[in-house]
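Take a look at the structure below.
Side-chain atoms are counted along with the backbone in the values below, which use heavy atoms only and exclude waters and symmetry mates.
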Amino acid sequence: MCSVRYVVYSRSLFHLSKTQCVSTSVSKHGSQSRRFSVSSRHMTIMPAWVIDKYGNNEVLRFTKNASFPVINYPNEVIVKVFAAGLNPLDVSMRGGYGAATMSAKRDPLNIKQSGNEFPLILGRDVSGVIMECGLDVKYFRERDEVWAAIPPWKQGSLAEFVLLSANEVSHKPKSLSHMEAAAIPYVATTAWSALVNTGGLSKDNCAKKRILILGGSGGVGTFAIQMLKAWGAHVTVTCSQNAEQFLRGLGADHVVDYTAGPVEEPLSALEKFDLILDNVGGDTESLALNLLKPWSGAKYVTLVTPFLQNTDRLGIADGMTKTAATVGCKVIKHLVKGVHYRWGFFAPSGPALDEIREMVDAGQIRPVVEETFSFSQVPQAFEKVEKGHARGKTVVQISKGGADL
């Protein structure tokens, strides 16, 4: 249930020098001429943590010769990484989770050889500074401080630089340091996708709605509590007893301790809900029919789906067929009882982060930072997130940079 999150932070290695980019070029785009920076070192390599195959923590390898990202499309930007988030997803991806689907996304025509994703850089959150912009990028300029959630099919943020589409990037909250900012984007955009895109909630329609979050002490759950309370919802969560005060401090109205026994009985005694966000999966799906308001547009949204497991095990075609059959049956089963069944997925979104930035700067959402690691200690950060001992909404920052490697 706990979703433990970690941050890699660099300062000394990634110091932004005003003298680094000294030469300029002029490129014509349509009727306009545009000047852009070019590194005086003509950089082709950079330091990064990579994996060359899937496996346990031993596959992590530090290199000073990772390929430097190159802008290939006019809507892309290169970000100089100051802080990089590490999520449980990165641990799963290190072991090969989702490899079939991610490979198909990177190479949809299956032109390249198997294993072309290596060396692979992990890390889904980034906070840093724009180094270079593509010709069509109008909303950002070099030296803008930004944050982003990186799609899992792209090279990640455990490196000196990362390449992103401009629509995946947002200006960083002014009230947060880079270390704090890197704690938020991935869980924030996942929660936003589930609650807003799939669940249909917004700041305009959320007031007084009753929301149940199953697994409230994880990264997505703790962010969702704060966002929903900022929008005026009544929020009930399930968690272990030792997380109760923490979640109440974030704004949860009612907390049910799942370690005290089955949660169905205490939840059934409450007024029915307008939406359930499930971060647990498994038997919790059976709660939806009894706990949601029937025939009122109520929705059950789960972030725990078999999609990537199906494609890893059966291949893309058979895996997607099985997935479609599974979700179709569940949608019908719930619909005849008057409630909606939905799957939620992470979706990168700069515009969503724009709105989240406003809530952060207004003091409605706060990050929680627990521990700091240096860039040289990335393997130790992986070990800690894999053990899952820290409470959800916890951040491990890597603060020294990579100069000691």
Side-chain angles (χ1 to χ4, degrees), residues 2-10 12-14 45-69 81 83-107 112-126 149-163 182-183 186-187 218-219 308-309 311-313 346 370-392 394-405:
C2 273
S3 176
V4 185
R5 309 191 60 249
Y6 299 84
V7 164
V8 180
Y9 173 58
S10 73
S12 58
L13 177 64
F14 302 163
I45 58 175
M46 64 178 179
W49 282 93
V50 303
I51 62 173
D52 300 303
K53 61 181 180 180
Y54 297 117
N56 58 24
N57 223 34
E58 295 178 356
V59 302
L60 289 168
R61 174 176 65 89
F62 176 76
T63 178
K64 294 183 179 180
N65 299 312
S67 296
F68 192 88
V81 180
L86 182 61
N87 296 274
L89 176 63
D90 293 295
V91 176
S92 299
M93 288 181 63
R94 185 199 64 192
Y97 175 71
T101 301
M102 298 306 114
S103 293
K105 180 66 176 179
R106 298 183 191 105
D107 182 24
K112 300 177 182 177
Q113 294 182 346
S114 176
N116 66 83
E117 68 267 34
F118 301 118
L120 180 63
I121 302 172
L122 300 172
R124 305 270 65 84
D125 297 281
V126 60
I150 303 171
W153 55 87
K154 291 188 175 183
Q155 293 286 34
S157 54
L158 294 177
E160 190 174 7
F161 298 93
V162 65
L163 179 69
Y186 182 78
V187 295
L308 293 180
Q309 291 178 337
T311 54
D312 284 341
R313 184 167 55 90
F346 160 76
E370 181 176 293
E371 191 172 344
T372 299
F373 284 90
S374 72
F375 195 45
S376 63
Q377 293 176 313
V378 167
Q380 290 91 318
F382 267 88
E383 287 176 358
K384 184 153 188 176
V385 71
E386 191 168 12
K387 291 176 182 177
H389 289 165
R391 190 164 56 192
T394 302
V395 176
V396 177
Q397 300 178 332
I398 300 179
S399 60
K400 288 178 62 179
D404 54 334
L405 288 165

Sort out for me which residue in D312, L308, D107 forms a side-chain contact (heavy atoms from CB on, under 4.5 Å) with M102.
L308
The residue among V126, N87, I150 that forms side-chain contact (heavy atoms from CB on, under 4.5 Å) with Y186 is N87
Side chain to side chain donor-acceptor pair (under 3.5 Å) filter on T101, not counting sequence neighbours, yields T311
Who pairs with N116 by side chain to side chain donor-acceptor pair (under 3.5 Å), at least two apart in sequence or on another chain?
none
Residue pairs involving residues 83-93 (criterion salt bridge (charged side-chain N to carboxylate O under 4.0 Å, His left out); sequence neighbours excluded):
D90-R124
Going through the distances and angles, do M93 and L122 end up as a side-chain contact (heavy atoms from CB on, under 4.5 Å)?
CA-CA 8 Å; M93 288 181 63; L122 300 172; 4.1 Å; yes
Which residues pass the ring pair (Phe, Tyr, Trp, His ring centres under 6.0 Å) test with F68, sequence neighbours left out?
F161
Looking only at heavy atoms, which two atoms of [X] and [Y] are closest? And how far apart?
X	Y	result
F346	P152	CE2-CD, 3.7 Å
M46	A159	CE-CB, 3.7 Å
A48	A66	CB-CB, 3.7 Å
P69	L163	CB-CB, 3.7 Å
Y97	Q309	CE1-CG, 4.0 Å
N57	E383	ND2-CG, 3.2 Å

After noting the C-alpha distance and the side-chain angles of I121 and W49, does the key distance pass the side-chain contact (heavy atoms from CB on, under 4.5 Å) rule?
CA-CA 6 Å; I121 302 172; W49 282 93; over 6 Å; no
Going by atom types only, do R94 and N56 share a side-chain donor-acceptor pair under 3.5 Å?
no
Side chains of F62 and P47, heavy atoms from C-beta outward: is any pair under 4.5 Å?
yes
Once you round to the nearest 0.5 Å, how far does CG of L60 lie from CZ of F382?
5.0 Å
Taken to the nearest 0.5 Å, the spacing of K53 NZ from E58 CD works out to 8.5 Å
Restricting to side-chain contact (heavy atoms from CB on, under 4.5 Å), what partner residues turn up for Y54, sequence neighbours left out?
I51, A99, E117, F118, L120
With sequence neighbours left out, write down each residue that passes side-chain contact (heavy atoms from CB on, under 4.5 Å) with D52, or none if nothing qualifies.
V50, R61, P119
Determine whether a donor-acceptor pair (N or O, by modelled atom type, separation under 3.5 Å) exists between the side chain of D125 and the backbone of A149.
no
